[in-house]
Amino acid sequence: MQIYLDTANINEIREAASWGILSGVTTNPTLVAREKGADFKSVISEIAELVDGPISAEAVSLDGEGMVKEGLEFATWHPNVIVKVPSTTEGLKAVYQLARKGIRTNVTLIFNASQALLAARAGAFIVSPFVGRVDDTGVDGMQLIREISQIYKSDPEIKTKIISASIRHPRHIIDSALAGADIATCPFKVLQMSMRHPLTDRGIEQFLADWKARS
Ligand code: G3P
């Protein structure tokens with residue numbers, strides 16, 4: 001399973017890219033808005049300089065035609081740009097039209113397996129089921145990844161990838177891999193948490209103490 005970073009923060013992307021673990025980046029309007037005053041095109045272009053992999057940029061139109069128009073513009077920014085559209089019937093229209101023009105899409109805000117199946121049928125490159133937000137409703141978010149994975153695997157025509165999104169903690173990453181996700185898109189903080197373990201810290205301290213004390 002590949003790891004993407006779910007952020008529009010350039011410093012976080014630069015740092016995670018230096019670890020050699022990043023295969024792509026996802027953004028959404030909330031994440032871009034958090035980077036006060038940043039111009040959307042400049043942010044996406046800068047990310048594309050740092051990470052050689054798919055970079056999702058989200059359209060904000062609600063109608064398919066508007067999404068296609070935005071998507072066509074995003075696609076001129078960099079060949080790695082993936083156009084993110086919401087999981088609505090208008091979103092499906094945009095996916096279908098953009099796919100016919102060879103432009104890859106990420107269908108976001110997926111909350112059930114039928115949305116994922118229809119997005120794949122329309123020609124989505126990626127779907128983004130939001131596991132954390134499903135968990136928030138008291139339902140097991142990971143079950144959604146399992147169902148989509150099973151449906152996609154049973155249909156040789158479907159090449160759509162599954163991004164496990166709305167990741168909240170390190171266990172979500174592991175469970176996503178076990179449930180059949182192709183990618184987990186993670187907040188920077190969760191990636192940092194994933195690499196921390198008190199026994200690792202204690203082991204380093206012990207090794208250094210023994211090294212200094214050697215005769
Ligand atoms: O990738 C989707 C993500 O940005 C949403 O995460 O934590 O707001 O549900 P969250």
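Heavy atoms only: backbone and side chains are in, while hydrogens, waters and symmetry mates are out. Atoms within a ligand are numbered from 1 in the order they appear, just like the ligands themselves. Everything numeric in this text was worked out from a predicted model, so none of it was measured.
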If the cut-off is 4.0 Å to any non-hydrogen atom of [X], which atoms of ligand 1 fall inside it?
X      : result
Arg133 : 5 (C), 8 (O), 9 (O), 10 (P)
Arg168 : 7 (O), 9 (O), 10 (P)
Phe130 : 2 (C), 5 (C)
Ala165 : 1 (O), 2 (C)

Would you say [X] and ligand 1 have an N/O pair spaced under 3.5 Å apart?
X      : result
Lys84  : no
Thr26  : no
Thr185 : no

Legend entry - Arg146 and Gln143: side chain donor to acceptor below 3.5 Å: yes
Inset, instruction - Mind listing the closest non-hydrogen atom pair of Asn106 and Val127 along with its distance? - result: OD1-C, 4.0 Å
Inset, instruction - Distance to 0.1 Å, residue and atom name: give those for the protein heavy atom nearest to atom 1 (O) of ligand 1. - result: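 The protein heavy atom lying closest is Asp6 OD2, 2.8 Å.
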Inset, instruction - Distance to 0.1 Å, residue and atom name: give those for the protein heavy atom nearest to atom 6 (O) of ligand 1. - result: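 Of the protein heavy atoms, Ser166 CA, 3.5 Å lies nearest.
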In the structure I gave you, are the side-chain heavy atoms of [X] and [Y] within less than 4.5 Å of one another anywhere?
X      : Y      : answer
Phe111 : Ser87  : no
Asn9   : Arg34  : no
Phe130 : Thr108 : yes

Legend entry - Criterion side-chain contact (heavy atoms from CB on, under 4.5 Å) on Cys186 and Ile173, from CA distance to verdict: CA-CA 8 Å; Cys186 313; Ile173 301 179; 3.6 Å; yes
Inset, instruction - Mind checking whether Thr108 contacts ligand 1 via backbone (N, CA, C, O), side chain (CB onward), both or neither, at a 4.0 Å heavy-atom cut-off? - result: neither
Inset, instruction - Apply the test salt bridge (Lys or Arg N to Asp or Glu O under 4.0 Å) to residues Lys93 and Glu90: give CA-CA distance (whole Å), side-chain angles for both, the deciding distance (0.1 Å), then the verdict. - result: CA-CA 5 Å; Lys93 290 179 194 172; Glu90 291 301 307; 2.6 Å; yes
